[in-house]
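These numbers come from a predicted model, not from an experiment. All residue numbers in this chain count up from 1 along the given sequence.
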Amino acid sequence: MRHDARRPDELRPVRIERFFTRAAPGSVLIQAGRTIVLATASVEAQVPAWLAGKGQGWITAEYAMLPGSTQPRKPRERSGRVDGRTSEIQRLVGRSLRAIADLEALGERTITLDCDVLEADGGTRTLAVTGALVALVDAVASIRQTLPDPTRHPLRDSVAAVSVGMVDGRPVLDLDYDEDSRAAVDMNVVMTSGGRFVEVQGTGERATFTSDELVALVELARSGIRQLLDLQRQALGEAWPFG
């Protein structure tokens, strides 16, 4: 058993609450253990200048850890200046959502996913991806009848993400901060419900790892992501658009 009494292949308890705020057409509060992320999806009737007139939309993401989300306090990132970690994560979230999108079906509009970490205890980037998908589905539903072809859904598939790692010599799923800080190998995996990988970020933090360990970690992530995809489906209920 792990320090929090979970099995090696067990997720932290996950809670997904839709429509958490009213201003954005998609908003989700998602929690895994003590990690909490608010993901909102906002729609603008324009695209970046480099896409104007090309007949397609854009999906992008921003990510931030709020000052009180961790100890010690994290200073706010102001004036558009973000650190390298923040830039990496928000690009990961944007790539993950674009990977399952039909941007031409979206028309010339931009959907921005804002992922704000309210409390951090490991796995913030993967939880942001998982929550952002639900917010994106609700945002798309709010504009469905104004799309160039309302019968053509702008989302082809669902996507979720989870962390895995080698901790105390064994592969474990969904690392919290205590485990992440001790992991010999740390990996983040993004996968679609069709079983296709969007991204695999794996690093030997304190040790190298073998091909057998890599396969074991990826398969462990696959099992966790399947559970998260089911939780997304349950949260969306009749709004689930993927058949």
Check: For the side chain of Asp174 and the backbone of Arg12, is there at least one donor-acceptor N/O pair under 3.5 Å apart?
Finding: yes
May I have the step-by-step check of salt bridge (charged side-chain N to carboxylate O under 4.0 Å, His left out) for Arg91 and Glu199, ending in yes or no?
CA-CA 12 Å; Arg91 291 171 73 177; Glu199 194 144 345; over 6 Å; no
Distance-only side-chain donor-acceptor flag, Arg109 / Thr146, under 3.5 Å | yes
* To do: Assess the side chains of Thr112 and Thr60: does a donor N or O sit below 3.5 Å from an acceptor N or O?
  => no
Pair Ile111-Leu136, side chain to side chain contact (heavy atoms under 4.5 Å, CB included): steps then yes or no:
CA-CA 8 Å; Ile111 300 181; Leu136 179 60; 3.7 Å; yes
With a 3.5 Å cut-off and no angle check, do the side chains of Gln232 and Thr130 form a donor-acceptor pair?
-> no
Please answer whether the main-chain N or O of Tyr177 pairs with a side-chain N or O of Ser181 as donor and acceptor at a distance below 3.5 Å. yes
Exercise for the section: Please check if the side chain of Glu108 supplies one atom and the backbone of Gly55 the other of a donor-acceptor pair under 3.5 Å. Expected result: yes
Would you confirm whether Thr35, through its side chain, and Gly123, through its main-chain N or O, come within 3.5 Å as a donor-acceptor pair? no
In terms of side-chain geometry, is the basic nitrogen of Glu205 or Arg182 positioned less than 4.0 Å from the acidic oxygen of its partner?
no
- Message: Go through it in stages, so that I can follow the logic: the residues are Thr86 and Glu77, the test is side-chain hydrogen bond (donor to acceptor under 3.5 Å, both in side chains), and I'd like the CA-CA distance, side-chain angles, deciding distance and then a yes or no.
- Response: CA-CA 9 Å; Thr86 297; Glu77 295 172 324; 3.1 Å; yes
Query raised in the report: So does Arg22 have more than 12 non-hydrogen atoms from other groups sitting under 6.0 Å from CZ?
Result: no
Check this for me: Arg152, atom CZ, are more than 12 non-hydrogen atoms of other residues, nucleotides or ligands nearer than 6.0 Å? yes
Review point. Are Tyr63 and Thr124 linked by a side-chain donor-acceptor pair shorter than 3.5 Å?
Key: yes
*Student check: side-chain heavy atoms of Ile36 and Val117 closer than 4.5 Å*: no
Problem set entry | Residues, nucleotides or ligands: over 12 heavy atoms within 6.0 Å of Arg196 CZ | no
*Under the 3.5 angstrom rule, does the side chain of Gln31 hit a backbone N or O of Gly33 as a donor-acceptor pair?*
yes
Between Arg98 and Ile59 (side chain of the first, backbone of the second, donor and acceptor by atom type, cut-off under 3.5 Å), is there such a pair? yes
Problem set entry | Check: Ser27 side chain, Ala24 main-chain N or O, donor-acceptor pair, under 3.5 Å | no
Let's go through Asp9 and Arg170 carefully: what are the C-alpha distance in whole Å and the side-chain angles of both, what is the deciding distance for salt bridge (charged side-chain N to carboxylate O under 4.0 Å, His left out) to 0.1 Å, and is it a yes or a no?
CA-CA 11 Å; Asp9 62 349; Arg170 62 182 177 179; over 6 Å; no
For this session: Return yes if some donor-acceptor pair links the side-chain N/O of Ser142 with the main-chain N/O of Pro25 below 3.5 Å, else return no.
Result: no
Here the gap from His153 atom NE2 to Leu106 atom CG, rounded to the nearest 0.5 Å, amounts to 10.5 Å
Exercise for the section: Check for a donor-acceptor pair, side chain of Arg2 on one end and backbone N or O of Arg7 on the other, with a separation under 3.5 Å. Expected result: yes
ask   = Just wondering, more than 12 heavy atoms not from Arg34 lying within 6.0 Å of its CZ?
value = no
Looking only at atom types and distance, does a side-chain atom of Asp157 sit under 3.5 Å from a main-chain N or O of Phe242, one as donor and one as acceptor? no
- Item | Side-chain donor-acceptor pair present, Thr151, Asp149, cut-off under 3.5 Å | yes
